[in-house]
> 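After the structure tokens below, expect a handful of questions from me.
Note that the numbering runs from 1 along the sequence shown for the chain. When reading the values below, keep in mind they use all heavy atoms of this one structure, side chains included, and skip hydrogens, waters and symmetry mates.
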Amino acid sequence: MAETQNPVPILTINDYPGMRVVRVIGPVYGTGVRSRSIVGNFLGTVRAIFGGKQEGYRKMIAQTRDDALAQLAEHARSLGANAVLGMRFDSGEFDAGQGQAMNEVTAYGTAVVVSG
């Protein structure tokens with residue numbers, strides 16, 4: 001897998017301690033979209049009625065976030081970057097029809113080339 005051979009550090013801060021930014025490439029992003037199954041949505045609705053943790057939804061959001069980060073790293077790598085600075089998340093939900101909610105997470109930041 002290219003990601004493990006050539007990892008792209010993704011930092012939420014605007015600099016990379018111990019490294020020098022030698023080139024700013026520009027904005028990059030990655031988006032993940034997921035939905036739960038009909039059974040998962042039903043169980044989530046039942047749990048919402050009685051309160052408590054929504055473990056299924058939490059797991060889905062974590063997987064969606066991981067998808068977005070993987071796509072962000074791939075986008076940066078495809079442009080020749082070796083790091084992403086100032087990464088942020090944006091998320092939302094939208095109706096895919098027939099009562100099926102989709103969870104969307106976008107990760108975005110600035111692709112850079114750094115040197116030690």
Side-chain angles (χ1 to χ4, degrees):
M1 175 187 268
E3 221 172 284
T4 16
Q5 295 171 355
N6 187 19
V8 174
I10 298 172
L11 304 167
T12 58
I13 57 179
N14 294 324
D15 57 0
Y16 192 149
M19 303 294 271
R20 184 173 59 87
V21 174
V22 295
R23 184 166 64 114
V24 175
I25 295 173
V28 286
Y29 63 91
T31 301
V33 178
R34 286 183 179 260
S35 68
R36 290 191 71 194
S37 68
I38 291 172
V39 172
N41 280 330
F42 174 76
L43 292 174
T45 301
V46 170
R47 285 192 182 118
I49 292 169
F50 296 104
K53 292 183 181 180
Q54 294 289 326
E55 189 61 30
Y57 285 116
R58 188 206 59 77
K59 183 178 178 184
M60 179 189 69
I61 291 167
Q63 290 171 334
T64 308
R65 182 191 62 232
D66 292 345
D67 291 347
L69 285 172
Q71 284 190 15
L72 173 69
E74 185 53 40
H75 186 199
R77 196 179 0 266
S78 75
L79 297 174
N82 64 357
V84 175
L85 301 179
M87 189 282 297
R88 300 289 184 264
F89 286 113
D90 188 20
S91 66
E93 211 175 77
F94 61 92
D95 185 1
Q98 299 179 1
Q100 187 66 23
M102 304 290 278
N103 175 255
E104 169 266 324
V105 175
T106 297
Y108 59 94
T110 302
V112 296
V113 175
V114 295
S115 175

> In Å and rounded to the nearest 0.5 Å, what is the CZ to NE2 distance from R77 to H75?
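Taking CZ in R77 and NE2 in H75, the distance rounds to 12.0 Å.
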
> Under 4.5 Å between side-chain heavy atoms, counting indirect links through other Ile/Leu/Val/Met/Phe/Trp/Tyr residues: same cluster for V22 and L85 or not?
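No; L85 is not reachable from V22 via cluster members.
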
> Starting from L72, can I reach V113 by hopping between I/L/V/M/F/W/Y residues whose side chains sit under 4.5 Å apart?
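Same hydrophobic cluster.
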
> Not counting sequence neighbours, which residues clear ring pair (Phe, Tyr, Trp, His ring centres under 6.0 Å) with Y16? List them please.
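Listed in chain order: nothing, the list is empty.
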
> Is a donor on one side and an acceptor on the other found under 3.5 Å between the side chain of D90 and the backbone of T106?
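The answer is no, because no donor-acceptor pair under 3.5 Å joins these two groups.
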
> Of all heavy-atom pairs between A107 and L69, which one has the smallest distance, and what is that distance?
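Scanning both residues completely, I find the closest heavy atoms to be CB-CD2, 4.2 Å.
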
> On a heavy-atom basis, which atom in M60 and which in N103 lie closest, and how many Å separate them?
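In terms of heavy atoms, the two residues are closest at CE-CB, 3.5 Å.
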
> To check you understand the geometry: which heavy-atom pair defines the closest contact between V84 and A76, and what is its length?
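Scanning both residues, the minimum pair turns out to be CG2-CB, 3.6 Å.
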
> Please report the shortest heavy-atom distance between A111 and V28, naming the atom on each side.
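Closest pair (atom of A111, atom of V28, distance): CB-CG1, 3.6 Å.
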
> If you take all heavy atoms of V105 and F89, which pair is closest and at what distance?
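Reported closest heavy-atom pair: CG1-CD2, 3.7 Å.
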
> Report the residues that fulfil side-chain contact (heavy atoms from CB on, under 4.5 Å) with T12, sequence neighbours left out, ordered by chain and then residue number.
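M87, R88.
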
> Nearest 0.5 Å, please: how far is CD in E74 from CG in L79?
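If we round to the nearest 0.5 Å, L79:CG and E74:CD are 9.5 Å apart.
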
> Considering non-hydrogen atoms only, spot the tightest contact between A73 and V8 and give its length.
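Minimum heavy-atom contact is O-CG2, 4.0 Å.
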
> Following the transitive rule for hydrophobic clusters with a side-chain heavy-atom cut-off under 4.5 Å over Ile, Leu, Val, Met, Phe, Trp and Tyr, establish whether I25 and I10 coincide in one cluster.
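Yes, I25 connects to I10 through the hydrophobic network.
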
> In the structure I gave you, are the side-chain heavy atoms of V21 and D15 within less than 4.5 Å of one another anywhere?
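Not in contact.
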
> Would a hydrophobic clustering, with Ile, Leu, Val, Met, Phe, Trp and Tyr connected at side-chain separations under 4.5 Å, put Y29 with V33?
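Result: no, two separate clusters.
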
